[in-house]
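These numbers come from the heavy atoms of this one structure, side chains and all, not from hydrogens, waters or symmetry mates.
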Amino acid sequence: MRLIVHDLADHEYDASLSGFSGETDEVIGETGSIRPCVGCFGCWVRTPGTCVIKDSYMHMGERLAACDEFVLISRNVYGGYSPFVSNVLNRALSYILPYFVIQNGKTHHQQRYKRQFKFTVHFYGEGITETERQTAQALIRANAMNLDVSEYSVSFHNTLHGLTEVHR
């Protein structure tokens, strides 16, 4: 199953990403309000694996652990994610544990789940600069390492039309 998080409006999603399947993909779009992560670490200590904020995003860590591929589709915001996509990713903090390990000389969190998934990120927007591309690539590389993914990729699209390749 692919877990797809996107910030596209309904009409943009329908036109650009019609190839996703509701039977094999879980799609999370900016359809309702998402409360931001408050940094309380309750998902680590009070309710391990589950966010303490009671809304439809409280099980993001579990949803991430259940997927074979995690796809993010985001407007490029200075080489980073849009506020909505960033917020969903923050709410998935429960995917990892609060304990640390050293990997390649760097400190990272231990993994809560013993499985890996593919991580695919698509940024869209006109005029993405080379500096923004480099920033985004560094961000995705760091996210991939922290999530302990099996493989990752990042793509840049000038238009929403370019996103049609996502589902192929």
Side-chain angles (χ1 to χ4, degrees), residues 1-8 20 25-30 34-125 128-157 163 166-167:
M1 182 257 319
R2 287 185 293 190
L3 175 59
I4 301 142
V5 175
H6 70 86
D7 60 3
L8 302 170
F20 285 119
D25 300 322
E26 180 180 358
V27 179
I28 299 172
E30 196 170 1
I34 178 173
R35 293 174 49 199
C37 174
V38 295
C40 70
F41 303 117
C43 61
W44 283 345
V45 291
R46 285 193 288 159
T47 57
T50 302
C51 181
V52 297
I53 299 171
K54 306 292 184 229
D55 64 10
S56 59
Y57 300 92
M58 66 189 287
H59 297 291
M60 285 306 303
E62 293 173 25
R63 292 158 95 177
L64 204 53
C67 74
D68 297 312
E69 182 178 6
F70 183 36
V71 179
L72 297 179
I73 301 167
S74 176
R75 177 176 42 89
N76 170 56
V77 180
Y78 304 110
Y81 305 117
S82 69
F84 174 76
V85 172
S86 181
N87 211 358
V88 172
L89 193 56
N90 290 342
R91 292 289 301 278
L93 180 65
S94 63
Y95 179 75
I96 56 175
L97 291 169
Y99 312 111
F100 296 109
V101 294
I102 304 294
Q103 292 178 330
N104 302 322
K106 295 184 180 181
T107 304
H108 296 280
H109 285 279
Q110 288 182 6
Q111 299 302 306
R112 180 179 301 277
Y113 302 96
K114 303 297 182 213
R115 70 185 302 267
Q116 293 182 309
F117 53 84
K118 182 178 175 185
F119 183 41
T120 307
V121 180
H122 295 272
F123 286 106
Y124 65 90
I128 300 173
T129 67
E130 186 56 33
T131 301
E132 290 173 330
R133 287 174 187 264
Q134 291 172 1
T135 300
Q137 289 168 337
L139 173 64
I140 304 315
R141 185 172 39 256
N143 289 161
M145 190 175 296
N146 286 328
L147 295 171
D148 191 34
V149 302
S150 58
E151 63 180 282
Y152 72 94
S153 65
V154 59
S155 301
F156 300 93
H157 309 274
L163 288 172
V166 172
H167 60 82

Task: Ile28 and Arg63: CA distance, side-chain angles, deciding distance, side-chain contact (heavy atoms from CB on, under 4.5 Å) verdict - done: CA-CA 11 Å; Ile28 299 172; Arg63 292 158 95 177; 3.5 Å; yes

- [ ] Please lay out, stage by stage, how Ile102 and Thr107 fare under the test side-chain contact (heavy atoms from CB on, under 4.5 Å).
- [x] CA-CA 5 Å; Ile102 304 294; Thr107 304; 3.4 Å; yes

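Side chain of Asp7 to main chain of Arg75: a donor-acceptor pair is present (N/O by atom type, distance under 3.5 Å, no hydrogens or angles). Put simply, the side chain of His109 gets close to the backbone of Leu97: a donor and an acceptor are under 3.5 Å apart. Judged purely by atom type and a 3.5 angstrom limit, Asp25 has no side-chain atom pairing as donor or acceptor with the backbone of Val27.
Counting heavy atoms from C-beta on, the side chains of Arg91 and Ile53 come closer than 4.5 Å. With contacts defined as side-chain heavy-atom distances shorter than 4.5 Å, the pair Thr50/His59 qualifies. Within the 4.5 Å cutoff, the side chain of Ile73 has heavy atoms near those of the Ile4 side chain. In this structure, the side chains of Leu64 and Tyr113 stay at 4.5 Å or more apart for every pair of heavy atoms. Residues Lys118 and Tyr152 form no side-chain contact, since every pair of their non-hydrogen atoms from C-beta on lies 4.5 Å or further apart. At a threshold of 4.5 Å between non-hydrogen side-chain atoms, the residues Ser82 and Ser74 count as touching.
Scanning both residues, Arg112 and Ile96, for their nearest heavy atoms gives NH2-O, 3.6 Å. Across every non-hydrogen atom of Glu62 and Gly49, the tightest pair is OE2-O, 3.9 Å. Closest non-hydrogen pair, Leu139 versus Gly79, comes out as CD2-O, 4.1 Å.
Aromatic rings of Phe123 and His157 (six-membered ring for Trp) have centroids beyond the 6.0 Å cut-off, not under it. Between Tyr95 and Phe70, a ring centre-to-centre spacing not shorter than 6.0 Å is recorded.
Of the inter-residue distances, the one linking Ser56 atom OG with Arg35 atom CZ reads 11.0 Å to the nearest 0.5 angstrom. The distance from atom CG of Leu89 to atom CE of Met60, rounded to the nearest 0.5 Å, is 8.0 Å. Within the model, atoms CZ of Phe156 and CD1 of Ile128 stand 6.5 Å from one another, a figure rounded to the nearest 0.5 Å. Distance check, rounded to the nearest 0.5 Å: NE2 of His6 to OH of Tyr124 gives 9.5 Å. Separating the CD atom in Gln103 from the CE atom in Met145 is a distance of 7.5 Å, to the nearest 0.5 Å.
Annotation for Lys106: atom NZ does not count as buried by contact number, only 12 or fewer foreign heavy atoms lying within 6.0 Å.
Ring geometry for Phe119 versus Phe117: interplanar angle over 60°, hence perpendicular rather than tilted (30 to 60°).
Of the residues listed (Val88, Leu72, Asn76), the one engaging Tyr81 in a side-chain contact (heavy atoms from CB on, under 4.5 Å) is Leu72, and it is the only one. When each of Val121, Thr135, Val149 is paired with Ile140, the side-chain contact (heavy atoms from CB on, under 4.5 Å) condition holds for Val121 and for no other.
No hydrogens or angles considered: nothing links the side chains of Asp148 and Gln111 as a donor-acceptor pair under 3.5 Å.
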